[in-house]
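Below you'll find the structure, written out as structure tokens, and then a few comments.
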Amino acid sequence: MSDRPRRLRRTAALRDLCAEVRIAPASLIQPHFVVADDRADRPIVALPGISRMGIEPLLRRVETDLELGIRSVLLFGVTDHKDPEGRTGEDANGPAQRAVAALKRRFGDDLTVMADVCLCTYTDHGHCGLLHEGQVANDPSLPRLAAQAVSLAEAGADVIAPSDMMDGRVAAIRKALDGRGFVDRAIMSYAAKYASAFYGPFREAADSAPKNAGPKDRKSYQMDYRNGREAVREALLDQAEGADILMVKPALAYLDVIAAVRQAVDRPVAAYLVSGEYAAIKLLAREGLAAEADLVREHFTAVRRAGADALITYHARAALEQRWL
Ligand code: PBG
């Protein structure tokens with residue numbers, strides 16, 4: 001036996017030397033749920049350790065996170081002011097716009113501020129696009145998404161992250177941004193976003209579950225998880241429409257999709273380790289079935305190994321604070 005793979009597993013130093021994958025703090029993106037009440041800091045029961053924050057606690061939190069090395073955040077506005085068209089989403093005084101502006105004023109280019117673009121937290125029916133005759137209408141939703149993107153860019157967002165899954169929205173947003181002079185703002189598209197059961201805790205956090213009217217789920221616009229090849233088609237479409245970063249979501253059950261998208265595109269690939277993945281790890285740890293540090297390290301590593309450059313994860317802060325990586 002001349003080839004013995006165990007030779008390079010003998011010591012921790014050798015294992016570290018030979019590791020194919022490393023996780024730098026700069027590759028982590030911390031999501032935040034932001035609300036209008038400046039002082040609010042309301043824990044989210046479904047996501048232990050994460051709160052809905054107003055500007056004041058948000059600024060304090062991001063400041064300490066920056067010291068830990070987290071240089072990117074992804075913001076979700078959360079509001080009670082809902083209507084059929086999600087107009088709060090494009091309001092210059094909306095919670096997301098105010099948070100973006102406050103963060104950029106305070107931290108400037110030290111912090112990359114990414115802003116989610118979608119209608120679901122702002123519409124009274126909870127869908128990601130407009131409803132027309134009981135269905136989620138694609139093309140009429142595009143101007144609303146583009147207007148939301150422009151207002152977030154005006155507030156100072158570095159990266160616009162459309163998560164709605166309407167066809168053609170990347171092109172519509174790119175055109176609107178360019179038309180207003182924001183040629184330098186990037187788009188990170190949720191390119192392959194599946195209709196997943198792993199978003200459950202998020203919908204509590206963002207108060208964005210489908211309700212009252214329209215379809216009971218998002219299967220007519222988010223992807224069917226039986227399809228892998230279609231993810232490549234979605235990613236190529238978004239790339240052609242002008243997306244700068246392509247995202248796959250969720251992560252752990254979609255490692256094949258991350259790998260396929262990585263092969264197909266020449267832009268950075270991001271993976272979203274979603275709320276249900278975070279909550280599952282929290283529950284395993286709380287039940288004493290595994291150590292949270294071990295689960296997080298393995299989870300992050302698998303997603304990087306599959307080919308993701310950037311990881312959007314609710315565990316970013318804990319992982320760096322407690323030196324899990
Ligand atoms: C909104 C949106 C969702 C997530 C990010 N943006 C939820 C959904 O599509 O219902 C999920 C994030 C998570 O679960 O952590 N379009």
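Counting starts at 1 for both ligands and their atoms, in listed order. Owing to the predicted nature of the structure, the values given are computational and were not obtained by experimental measurement.
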| field | His315 and Gln30: side chain donor to acceptor below 3.5 Å | value | no
| Distance-only polar pair, side chains of Ser151 and Gln97, donor-acceptor under 3.5 Å | yes
Identify the protein heavy atom lying closest to [atom], giving its residue, its atom name and the separation to 0.1 Å.
atom	result
atom 14 (O) of ligand 1	Ser275 OG, 2.7 Å
atom 10 (O) of ligand 1	Arg203 NE, 2.6 Å
atom 4 (C) of ligand 1	Lys249 NZ, 2.5 Å
atom 2 (C) of ligand 1	Lys193 NZ, 3.2 Å

| message | I'd like to check the ring-ring contact (aromatic ring centres under 6.0 Å, His included) partners of Tyr199; sequence neighbours left out, ordered by chain and number. | response | none
| said: Checking Phe33 now: which residues fulfil ring-ring contact (aromatic ring centres under 6.0 Å, His included) with it, not counting sequence neighbours? | reply: Phe76, Phe202
| field | Any N or O of Asp164 closer than 3.5 Å to N or O of ligand 1 | value | no
| task | Please confirm whether Arg218 comes within less than 3.5 Å of ligand 1 when only nitrogen or oxygen atoms on both sides are compared. | result | yes
| With under 30° as parallel and over 60° as perpendicular, where do the rings of Tyr221 and His127 fit, or are they tilted in between? | perpendicular
Applying a heavy-atom cut-off of 4.0 Å, say which part of [X] lies close to ligand 1: side chain, backbone, both or neither.
X	result
Cys128	side chain
Cys120	side chain
Tyr278	neither

| task | Could you tell me whether Arg180 atom CZ has more than 12 heavy atoms of other residues or ligands within 6.0 Å of it? | result | no
| said: Could you check whether any side-chain N or O of Ser189 sits under 3.5 Å from a backbone N or O of Leu246, counting only pairs where one atom can act as donor and the other as acceptor? | reply: no
| Is the shortest distance from a heavy atom of Met165 to ligand 1 less than 4.0 Å? | no
| query | Do any heavy atoms of Gln222 fall under 4.0 Å from ligand 1? | reply | yes
| Met165 side chain reached by Cys128 side chain, heavy atoms, under 4.5 Å | no
